[in-house]
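For reference, the structure is listed below as structure tokens.
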Amino acid sequence: MALFIAFEGGEGSGKSTQAKALYRRFLNADIPVILTHEPGGTALGEEVRCWLKGEEEMKISAWAELLLFAACRSQLVAEVLRPNLATGVMVICDRYADSTIAYQGYGRGIDLDTIQTINGVATQGLVPDVVILVDVPVEIGLARRKTAKLDRFEKEGVSFHHRVRQGYLQLAAAAPQRWLVVDALLSEAEIEQAVWEKVAQLLE
Ligand code: TMP
């Protein structure tokens, strides 16, 4: 059975590095796999990603933001995730529906029931087999961002990012069998190993 693995985390957590490392592990083991990301991963998603990250400096309300993330997700599920899983290809996704709960729900304050409903429409019930949360203390994560130009989310205040982190930790605590929380302050190799052990269990 093909696994659907999502990576989540706050700014500067190193989750993208870890998603790539897991992708390489699958390739080295000759296991068919794709690595994709949100927002993005489709032509529509990449276009909307530029808007959401603030590269075009346009106004986006909290509700519009929520719906744009949902639109990207809906396209990714239909165009990439489901077709690959259906043909036995492992899917690694750098961010997925739990990002919306953490950022638009806990971060922006949109009520969680509404977000669950919209996530349900966008995913059509496609839930990851495991979610890897690379958990980083907010100040350390933000300090790791090296780019001179911050995106719309990186520009948010520290309290926004604290709410996002708490949101993630609550989601993980509510479903510990489906979530693996790894400490972003461990070495890259240690995190990679912890992730691989969890995935190997699921492969068995
Ligand atoms: P990243 O791919 O570089 O992590 O950037 C994506 C940004 O978008 C990141 O700040 C988190 C944010 N985001 C949301 O706010 N909600 C979502 O549903 C997703 C997928 C991302």
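Whatever order the structure lists ligands and atoms in, that order sets their numbers, starting from 1.
- The closest side-chain donor-acceptor pair between Y96 and T123, if any, does not fall under 3.5 angstrom.
- For the residue pair E192 / Q18, no side-chain donor-acceptor distance below 3.5 Å is found, with atom types taken as modelled.
- At a cut-off of 3.5 Å, with distance as the only test, a side-chain donor of Q193 or E197 sits close to an acceptor on the other residue.
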Which protein N or O atoms sit under 3.5 Å from any N or O of ligand 1? Give atom names and distances.
from	atom 1	to	atom 2	distance (Å)
ligand 1	2 (O)	R49	NH1	3.3
ligand 1	2 (O)	R49	NH2	3.1
ligand 1	3 (O)	R49	NH2	3.4
ligand 1	3 (O)	K53	NZ	2.8
ligand 1	4 (O)	R95	NE	2.8
ligand 1	4 (O)	R95	NH2	3.3
ligand 1	5 (O)	K53	NZ	3.0
ligand 1	10 (O)	E11	OE2	2.8
ligand 1	15 (O)	Q104	OE1	3.4
ligand 1	15 (O)	Q104	NE2	2.9
ligand 1	16 (N)	Q104	OE1	2.8
ligand 1	18 (O)	R73	NH2	3.1
ligand 1	18 (O)	T100	N	3.3
ligand 1	18 (O)	T100	OG1	2.5

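- Between the side chains of E8 and Y168, at least one donor N or O lies within less than 3.5 Å of an accepting N or O.
- Between the side chains of R73 and T100, at least one donor N or O sits under 3.5 Å from an acceptor N or O.
- The side-chain hydrogen bond (donor to acceptor under 3.5 Å, both in side chains) search around Q124 returns none, not counting sequence neighbours.
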